[in-house]
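Have a look at the structure below, then the notes.
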Amino acid sequence: MERYFGPDGLLAKNINQFEFRASQLKMARAVAECFTGEKPLMVEAGTGTGKTWAYLIPAIESGKKVIVSTGTKTLQDQIFDKDIPFLKRLIFPRLHAVCIKGRRNYLCQRRFKDFSYQPTLWNRDEAKLWKRFQKWATRTISGDRAEISWLPDQFHTWNEVCSSSEHCVGQHCQEYSRCFLTRLRAEASRAQLLVVNHHLFFADLALRNRSGAEVIPEYEAVIFDEAHQLEDTIGQYFGVQFGTSGLSDLVRDLQRDLKKDPKGLDRFQSARNIAQQLETLNRLLHHGLAAPGRTQGRYPLDLEKLGGDLIPTCREIIHALEQLAPLLEPGENLPPAFESDQRRAVELAGAARRILDRDDDSLVYWYEVSQQAASMHGTPVEVASIFRDRLLASDKPVVLTSATLSVGGTFDFLRHSLGIPEESSELLLPSPFDFAEQAVLYVPSRFPSPSDPTFCEEMAREAYEILKKTEGRALFLFTSYRHMHDVYQRLRDRLPYPLLVQGQKPKRSLLTEFREKIDSVLFATNSFWQGIDVPGEALSCLIIDKLPFDVPDDPLTSARMEHLAQKGGNSFFGYQVPRAVIQLKQGVGRLIRSSNDRGVIAIFDIRLLRKNYGQLFIRSLPPCRLVHKMEEVMRFSFSPGEPSEAPGPGCPSRDVSG
């Protein structure tokens, strides 16, 4: 690793302005050692360490077939489109790397062909894009939706033509030889390095567990980047779910497929009748879960309390699906789509029965109501045994890394939540950036608590002063939509800067506008806390409303806290606090992205100073200078070495360190 990362190494010799970082070399050595041993490795690498190259180079050098799994498609694309081509050009010209995303990211040739015969478009806007989309679909080599930067996030037609496990008929498909996924998997089987995301990785692991089939080719080692997201992702794929959207999709596809049948067989007429029955039952299911007056959200699943008709409705749905499946038995000259419909009917019936019986004590059962659908879930209360038994027991090298893995300087929470053995290796590498010089952390010493009715009013008042100082250029992160809209309404007519609000436009468009309009302020929640990168002067101020604790009455959070308490642990300090610490670290990490960045971080949560757990949060954050008075914020200079009150221009350049 010294040969690559040392002061006189290959990177230093071949890259102008390459900065030698001892922490990057240390991480690369630890990863290389993990690849030759049997112990898992946990690495927290602070922003600017250059962790991507620190694991890619030893992974490639090992000669093993390696999976790199990311928490987001954004990082997945960055690694495959930027980091790997750079290293291939510079050091590893023979490297064969392949990027695999979830099925729904790729065009399905069969579904596109069928849909094109008689397209049913969502609205006029989509109709205007259809010809342009058709042109792309007939010319693309990869079928990857990411190629189409002009396609809106909410392009409903994509759901009609994309690949999905529900619609796939495998080798029976007439387009099998032209299938983008078939070609991609063939190429992946020959590659040394595969870049996937956590959702695809654990979907594959769950599939191997259920049926022995696989989506990802066999591999010899795995690296999890953004590993702080693993607990939530694993839970999604090793449980069970059943809802109105899946049933609605089956009914719609079945009715469409039956219309194409020219034979008029009796069994297909029976299938049509059952499809109509399922359509009615699905409306009853939605009404039973999303009863009038019930707000959107997640709730504990108690079928008896939800109403007398819900259980009979579920039983009727199961009975109808079980009657439907034999009617769709593959036969001579039947379209392959019927095989897909039959499989989906069997799977939906099985999922509904598991949820209705609720006889798996390892799952917590809950349901969710959204604007368009309602669904029931059974999710593992703990995933440690799954991760340990399905992955760590295989003795394959496993590396877990992120900028936010530790809590208060230890990996105890990660060990407990993922079942990582005590003898595993760990490495805690602070960021090389000078946070004490580059940033100031403002936590007002006198402020209403988050539950106080005046909290949003006071927050808007203080934020107004800070945003005048920074001349906009701010990301305002909230823990709830209610706080976000409240503060936005209070500031919208007072600030002379462009104000952008999550939900107004697709996320990608908002971020593009935020980067281009240097003085803009972006109000956001949820997904904007992590995975976004806005280096330079467009982001010179980060404001956070309060500590991002999980909602305690969320059914999954509540069940995991109760599970921990039953084992003798402290559910608040052992679960809620660590998760909130990691989320806060992710949010704070949006500000300083290069050695040239400077800025203000403001957190309006008095609990940081008044509660005994407040110091744990502060100790877990980068070592910024902590201030409690607005005057100290006003004195902060945005230009190093200049004591001026007004912020100077930032520098958007990035460090070259991978």
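In this structure, Thr379 and Arg560 approach most closely via the heavy-atom pair CG2-NH2, 4.3 Å. What you find for Ile606 and Arg446 is that their closest heavy atoms are CD1-N, 4.2 Å. Minimum heavy-atom separation, Phe455 to Phe604: CE1-O, 3.0 Å. Closest approach of Ala474 and Leu467 over heavy atoms only: CB-CD2, 3.3 Å. Counting all heavy atoms, side chain and backbone alike, Thr49 lies closest to Gln24 at O-CB, 3.3 Å. Nearest heavy-atom pair across Ile592 and Asp597 is CD1-O, 3.7 Å.
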Residues Phe112, Gln134; criterion side-chain contact (heavy atoms from CB on, under 4.5 Å); working and verdict: CA-CA 9 Å; Phe112 171 70; Gln134 277 185 301; 4.1 Å; yes
Chi angles and distances behind the side-chain contact (heavy atoms from CB on, under 4.5 Å) call for Ile79, Ile84: CA-CA 6 Å; Ile79 291 171; Ile84 288 175; 3.9 Å; yes
Steps toward side-chain contact (heavy atoms from CB on, under 4.5 Å) verdict (Leu107, Trp158): CA-CA 8 Å; Leu107 183 75; Trp158 180 258; 4.3 Å; yes
Verdict with reasoning, Glu226 to Gln530, per side-chain hydrogen bond (donor to acceptor under 3.5 Å, both in side chains): CA-CA 10 Å; Glu226 299 177 315; Gln530 53 187 302; over 6 Å; no
Pair Glu462-Ile543, side-chain contact (heavy atoms from CB on, under 4.5 Å): steps then yes or no: CA-CA 10 Å; Glu462 293 247 330; Ile543 304 176; over 6 Å; no
side-chain hydrogen bond (donor to acceptor under 3.5 Å, both in side chains) assessment of Ser520 paired with Glu513: CA-CA 8 Å; Ser520 61; Glu513 191 170 350; over 6 Å; no
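For CZ of Arg252, the number of neighbouring non-hydrogen atoms (other residues, nucleotides, ligands) closer than 6.0 Å is greater than 12.
Taking 4.5 Å as the limit, every side-chain heavy atom of Val369 sits out of range of all side-chain heavy atoms of Thr295. Using a 4.5 Å cut-off on side-chain heavy atoms (C-beta onward), Thr157 and Phe115 make contact. Between Arg473 and Cys541, every side-chain heavy-atom pair lies at or beyond the 4.5 Å cut-off. Put simply, the side chain of Phe523 does not reach to within 4.5 Å of the side chain of Gln504, judged on heavy atoms. Between Asp225 and Lys51 the shortest side-chain heavy-atom distance falls below 4.5 Å.
By the ring pair (Phe, Tyr, Trp, His ring centres under 6.0 Å) test, Phe572 is found to be paired with Phe549, Tyr613, residues two or more places apart in sequence or in another chain being considered. Arg89 meets the salt bridge (charged side-chain N to carboxylate O under 4.0 Å, His left out) test with no other residue; sequence neighbours excluded. Taking Asp452 as the reference, Pro448, Ser449, Thr454 meet the side chain to side chain contact (heavy atoms under 4.5 Å, CB included) condition, with sequence neighbours excluded. Legend: residues meeting salt bridge (charged side-chain N to carboxylate O under 4.0 Å, His left out) with Glu632, ordered by chain and number and at least two apart, are absent. Residues that satisfy the salt bridge (charged side-chain N to carboxylate O under 4.0 Å, His left out) test with Asp545, not counting sequence neighbours, are absent from this structure. Legend: residues meeting side chain to side chain contact (heavy atoms under 4.5 Å, CB included) with Phe528, ordered by chain and number and at least two apart, are Leu477, Gln502, Lys507, Leu510, Leu511, Leu522, Ala524, Ile532. Not counting sequence neighbours, the partners of Asp554 by the salt bridge (charged side-chain N to carboxylate O under 4.0 Å, His left out) test are Arg298.
Remark: the backbone N or O of Val588 is not paired with any side-chain donor or acceptor of Trp529 at under 3.5 angstrom. Side-chain N or O atoms of Thr47 include none that pairs as donor or acceptor with a backbone N or O of Ser431 at under 3.5 Å. With hydrogens and angles disregarded, a donor-acceptor distance shorter than 3.5 Å links the side chain of Gln76 to the backbone of Val195. A distance-only check finds no donor-acceptor pair linking the side chain of Glu368 to the backbone of Ser375 [under 3.5 Å]. Side chain of Thr140 to main chain of Trp136: no donor-acceptor pair is present (N/O by atom type, distance under 3.5 Å, no hydrogens or angles). A donor-acceptor distance shorter than 3.5 angstrom exists from the side chain of Gln438 to the backbone of Ser594, with no hydrogens or angles considered. At distances below 3.5 Å, not a single donor-acceptor pair connects side-chain atoms of Gln489 with backbone N or O atoms of His485. Using modelled atom types, no side-chain atom of Asp249 and backbone atom of Gly246 make a donor-acceptor pair closer than 3.5 Å. At distances below 3.5 Å, at least one donor-acceptor pair connects side-chain atoms of Arg111 with backbone N or O atoms of Asn159. The backbone N or O of Ala227 lies less than 3.5 Å from no partner atom in the side chain of Ser402, so there is not a single donor-acceptor pair.
Phe20 has its ring centre no less than 6.0 Å from the ring centre of Phe18. For Tyr237 and His199, the distance between ring centers is under 6.0 angstrom. Here Phe636 and Tyr442 keep their ring centres 6.0 angstrom or further from each other. Taking the six-membered ring wherever Trp is involved, the centroid distance between the rings of Tyr106 and Phe180 does not fall below 6.0 Å.
Between Phe155 and Phe133, the ring-plane angle classifies as tilted under the 30° and 60° cut-offs. Phe202 and Phe224 have parallel rings, their planes meeting at less than 30° on a 0 to 90° scale where 60° marks the start of perpendicular.
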Would you mind writing out the side-chain donor-acceptor pairs for residues 615-631 within the sub-3.5 Å range, not counting sequence neighbours?
residue, atom, partner, partner atom, Å
Ser620, OG, Gly408, N, 2.8
Ser620, OG, Leu616, O, 2.8
His628, ND1, Val443, O, 2.9

In a table with atom names and distances, give each donor-acceptor pair under 3.5 Å that connects a side chain of residues 578-586 to protein atoms at least two apart or in another chain.
residue, atom, partner, partner atom, Å
Arg579, NE, Asp550, OD2, 2.6
Arg579, NH1, Glu231, OE1, 3.2
Arg579, NH1, Asp232, OD1, 3.3
Arg579, NH2, Asp232, OD1, 3.3
Arg579, NH2, Asp232, OD2, 3.2
Arg579, NH2, Asp550, OD2, 3.4
Lys585, NZ, Glu44, OE1, 2.9
Lys585, NZ, Glu44, OE2, 3.4
Lys585, NZ, Ser406, O, 2.9
Lys585, NZ, Ser406, OG, 3.3
Gln586, OE1, Arg590, NH2, 3.3
Gln586, NE2, His228, NE2, 3.4
Gln586, NE2, Thr404, OG1, 2.6

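Listed by first and then second residue, the salt bridge (Lys or Arg N to Asp or Glu O under 4.0 Å) pairs that reach into residues 485-504 are Asp486-Arg490, sequence neighbours excluded. Residue pairs meeting the salt bridge (Lys or Arg N to Asp or Glu O under 4.0 Å) criterion with at least one partner in residues 137-146, sequence neighbours excluded, are Lys101-Asp144. The salt bridge (Lys or Arg N to Asp or Glu O under 4.0 Å) analysis of residues 126-138, with sequence neighbours excluded, yields no pairs.
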